[in-house]
Every structure is written in structure tokens, then in C-alpha cells.
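As C-alpha cells, the structure follows; a few thoughts come after it.
All chains are named by letter (A, B, ...) in the order of the sequence lines, taking the proteins before the strands, and each is independently numbered beginning at 1.
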Amino acid sequence: MTHALYIDLPEHFNFRSTVYSHGWCELPPFALDTEKWRLSYVFGHAGKSIPAVIYEQGKRLRIDVEGDKFDKEQIIRDVRHILRLDDDLNGLYDLIAGHERLSWVADKGAGRMLRSPTVFEDLVKTICTTNCSWGLTKSMVNNLVETLGAGSLRSGKAFPTPAAMADVDSDFYRNEIRAGYRSPYFVELADAVASGKLDPEAWLTSDLPTPELKKEMKKVKGVGDYAAENLLKLVGRYDGLALDSWLRSQFYKNHNNEKPCPDKKIERHYKKFGEWRGLVIWCDMTEKWIN
DNA sequence: GCGTCCAGGTCTACC
DNA sequence: GGTAGACCTGGACGC
């Protein structure tokens, strides 16, 4: 049985721009139907998998949820979180108003970076993006969900809980997930979160200044400068650029005649955007995805 | 078929 | 604090 839930859309929100904001929509338990323009996600609540389909219907967002037993308020909260419905981007839009290359961002309601319902899931996925091709990232995340996620392959599997990930050893990550040298990192991370020693969800509401919060994030094995700054963006702090090889190559192409340059030159280019610079570079480099 | 390079980097040892 | 070398995987590429 399917139940429909509805959320009123905020001003300046664009469903497609948000879903296409980065590659997360390709990583399970997300799935995207680009013909009907529906975003699927399998929520994991209380050890159960709850498949849902999210799409626009008029001026509202409709969420079709499978099953009878689910927490309606939690589903709504999670959807608001993953689509960043409560983010206030007016500061960004004011800053780039009239800018030759960036005025499209406000016109297209862009700037909301799709994220997972939990910081833990974003943390694991971010580690899966490091030092490998996007294809391998997809493979590792797919293996994690298929082998350790709650639910069935037919109805859909949720992202594994910290406890489920802590329940397997390094060899499992190496042989089944194909995570290579990241394998012991996942064991250590899952143990820390499952035991309560580490609470990545607290990063969402942390009072720490960004440099201090970044240091906290980098204490997690496998999280370096790029990964920490990517996670900072996903918790709503945009004062780091999160430079990786893809972002650098796009900058060279768009702003440096396709020639490599030092990171400092990229940093100088976006310095004027202050606390929004991390989001500005991301929008600047992903314009073709949205337009 | 085989070797090399590199992709949405990070860790450790060493200076 | 800065840097060299090692690290899994798998696809692309040259030979």
C-alpha cells in the first residue's frame, strides 16, 4: 500500500536543480527516474526499509511512501533535510546578483546540494569518493547497500546503519565491498559511531568555528582536506572549496585556458565570495548540469 | 595480453 | 608545516 505525503515548496526552490546538484542522486539508496522526474530513496527507520518516491506536483512536493508502518513526521523531516528545504540562500543570491557568470544560480533556484538523511551516510559516501573514479565510488556504495542494508533487493534496501557496518570486519570491506585500503577506515568509523564515541550528526548543529569543526572531521581516518570540506558543505558551511581533481580540471577549463595552475590561484579567484565561496565554485563548475 | 596511468586523496614517516 | 612514497580498485590507453 502506498501513502501520499505533501510538503509545500519554499520560495526559490527548484526540484531539478537540487536533485542534479551533484552525483549523490546516482548513489543508492537514491535512484533517479529522469523520464518522470522522480527521485527514489529507501529510508531506514528503526531497522526497517521504507521505500519512497519524491516528485513535484503543482506547488507541492509529493512523497509516495510504501507500506503501512512508518513515522510520517520523520519522513517529512528527512525529505526537508535531504532537499535542503529550510536552507536560506538569500545571502548567496544577493551576493551574486547581476554577476555575469553566476546570475543563473538564483534564476534556476540552484545552490541546494542534495544530501543524505544522516551525516554518517554522507561521511561514508564521501570517503568512497576519495582517490578513485566515480565508477568505483558507485560500485562501493552499491555493494555497501546491497550487502549490509536493511530490506530486500526487490522492495529496496536502505543505507546500512553504523551497527550493521560495525558488525563486519576489514576483510569483508576488502573482499565484498572492494573498498581496498579504505577497509580498516570503515571498520574504525562504524565502531566509533555505533559505540557512541563519535556523533557525526552533531556536526549539523555544532557551535565550533569552521576550522575547528574541520579538524574534528579530519580525525576520522580517510577524511582529509577535500573530504572534510565536502562534508562541511553538506552541513551548510561553504567557506572551504573542497578541491578535488574533478573540480580543479573544471576550473582549468573554465577559467585558465585549460592549463593547470596552483590551488592558490583558484582560492584567490573565489576569495571575494567570502563565506559562500565553496558553494559559488560548485555552482560555477556545475552550471552545465543544471542549464 | 600486458604494463602504466590515473581517477571527485589520505596517511605516515621523515625532515 | 611541508613533502615523498605507499596505498586498493578498475577502466582507459598504448604497445
Side-chain angles (χ1 to χ4, degrees), chain A residues 19-28 30 32 113-116 119 121-147 165 168-192 198 200 211-235 237-238 240-256 258-264 266-267 270 277-290:
Chain A
V19 170
Y20 264 166
S21 57
H22 64 126
W24 255 217
C25 64
E26 296 178 30
L27 299 179
F30 281 112
L32 180 62
M113 293 178 72
L114 186 71
R115 60 185 172 185
S116 308
V119 181
E121 182 176 330
D122 281 337
L123 174 53
V124 172
K125 285 177 172 174
T126 297
I127 292 174
C128 287
T129 66
T130 57
N131 195 28
C132 65
S133 62
W134 180 244
L136 185 55
T137 297
K138 288 200 281 188
S139 170
M140 285 188 277
V141 174
N142 201 50
N143 292 340
L144 279 170
V145 172
E146 281 192 6
T147 59
M165 286 187 63
V168 291
D169 61 14
S170 186
D171 286 344
F172 181 89
Y173 287 103
R174 201 172 286 272
N175 299 327
E176 306 299 324
I177 308 301
R178 310 300 293 167
Y181 68 90
R182 303 167 194 79
S183 300
Y185 302 165
F186 288 137
V187 174
E188 193 175 317
L189 170 61
D191 279 343
L198 176 68
E212 297 303 313
L213 183 55
K214 185 178 169 183
K215 275 186 195 169
E216 286 299 308
M217 291 173 167
K218 286 179 70 173
K219 287 180 183 170
V220 177
K221 285 271 183 65
V223 176
D225 283 327
Y226 149 74
E229 290 180 6
N230 187 56
L231 284 163
L232 284 166
K233 289 180 183 181
L234 295 177
V235 300
R237 304 196 193 205
Y238 303 105
L241 297 184
L243 293 177
D244 56 21
S245 57
W246 184 83
L247 211 51
R248 288 187 182 93
S249 70
Q250 294 303 306
F251 180 86
Y252 305 153
K253 203 177 291 178
N254 289 306
H255 293 292
N256 210 46
E258 305 203 16
K259 290 180 187 165
C261 64
D263 288 353
K264 287 193 174 174
I266 305 178
E267 285 160 12
Y270 292 100
R277 58 189 181 273
L279 192 49
V280 170
I281 187 176
W282 188 254
C283 290
D284 194 17
M285 296 302 105
T286 58
E287 179 185 0
K288 284 181 184 168
W289 296 358
I290 309 291

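- In terms of phosphate contacts, Lys221(A) brings a side-chain nitrogen or oxygen within less than 4.0 Å of OP1 or OP2 of dT12(B).
- Atom C1' of nucleotide dA7(B) and atom CH2 of Trp246(A) are separated by 14 Å, given to the nearest angstrom.
- Here Gly135(A) lies out of heavy-atom contact (under 4.0 Å) with every strand.
- Looking at Thr126(A), its side chain never comes within 3.5 Å of a backbone N or O of Leu231(A) through a donor-acceptor pair.
- Look at Tyr226(A) and the base of dG8(B); the rings do not stack under the cut-offs of 5.5 Å between centres and 30° between planes.
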Pair Cys261(A), Arg248(A) - check side chain to side chain contact (heavy atoms under 4.5 Å, CB included), show working. CA-CA 9 Å; Cys261(A) 64; Arg248(A) 288 187 182 93; over 6 Å; no

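- Note: Tyr185(A) and Tyr181(A) have perpendicular aromatic rings, judged against thresholds of 30 and 60 degrees for the angle between ring planes.
- Between Trp282(A) and Trp246(A), the ring planes lie tilted relative to each other; the angle falls in the 30° to 60° range.
- Distance, Tyr181(A) OH to dT10(B) P: 8 Å, rounded to whole Å.
- The CH2-C1' distance, from Trp134(A) to dG8(B), rounds to 8 Å in whole Å.
- Rounded to a whole Å, the CG atom of Leu231(A) is 13 Å from the C1' atom of dG8(B).
- Side-chain N/O atoms of Ser245(A) include one lying less than 4.0 angstrom from OP1 or OP2 on dG9(B).
- Across all strands, Thr130(A) comes closer than 4.0 Å only to sugar-phosphate atoms, never to a base (heavy-atom distances).
- Note on Arg182(A): a base of the nucleic acid sits closer than 4.0 angstrom, heavy atoms only.
- Residues Asp225(A) and Ser133(A) both approach DNA chain B. Their nearest nucleotides, taken by heavy-atom distance, put Ser133(A) toward the 5′ side.
- Protein atom CG of Asn131(A) is 12 Å distant from nucleotide atom P of dC6(B), rounded to whole Å.
- Between dA4(C) and dG8(B), the distance separating the two C1' atoms is 23 Å to the nearest Å.
- In the model, Tyr226(A) has a side-chain atom that pairs as donor or acceptor with a side-chain atom of Thr129(A) under 3.5 Å.
- Regarding contacts with the backbone of dG8(B), every side-chain N or O of Arg248(A) stays at 4.0 angstrom or more from both OP1 and OP2.
- Among the atoms of the strands shown, only primed sugar atoms or phosphate atoms (P, OP1, OP2) are found under 4.0 Å from some heavy atom of Ala227(A).
- The side chain of Asn230(A) lies closest to dG8(B) when the candidates are dT9(C), dC11(B), dG8(B).
- Using P as the reference atom, dC5(B) and dG5(C) are 14 Å apart when rounded to the nearest Å.
- The separation between Lys218(A) atom NZ and dT10(B) atom C1' is 9 Å, rounded to whole Å.
- Here the side chain of Asp284(A) pairs no donor or acceptor atom with the backbone of Val280(A) at under 3.5 angstrom.
- Protein atom NZ of Lys219(A) is 19 Å distant from nucleotide atom C1' of dT12(B), rounded to whole Å.
- Nucleotide dT9(C) holds its C1' atom 13 Å from the CG atom of Asn175(A), rounded to whole Å.
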For DNA chain C, what is the dot-bracket line, given that a base pair needs Watson-Crick (N1 to N3, plus N6-O4 or O6-N4) or G-U wobble (N1-O2 and O6-N3) geometry with both distances under 3.5 Å, and | means paired with another strand? |||||||.|||||||

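- Between the P atoms of dA6(C) and dT4(B), the separation comes to 14 Å (whole Å).
- Across all strands, Leu247(A) comes closer than 4.0 Å to no nucleic acid atom at all (heavy-atom distances).
- The aromatic rings of Tyr173(A) and Phe186(A) are tilted relative to each other, their planes meeting at an angle between 30° and 60°.
- Using a 30° and 60° split on the angle between ring planes, Trp24(A) and Trp134(A) fall in the parallel class, below 30°.
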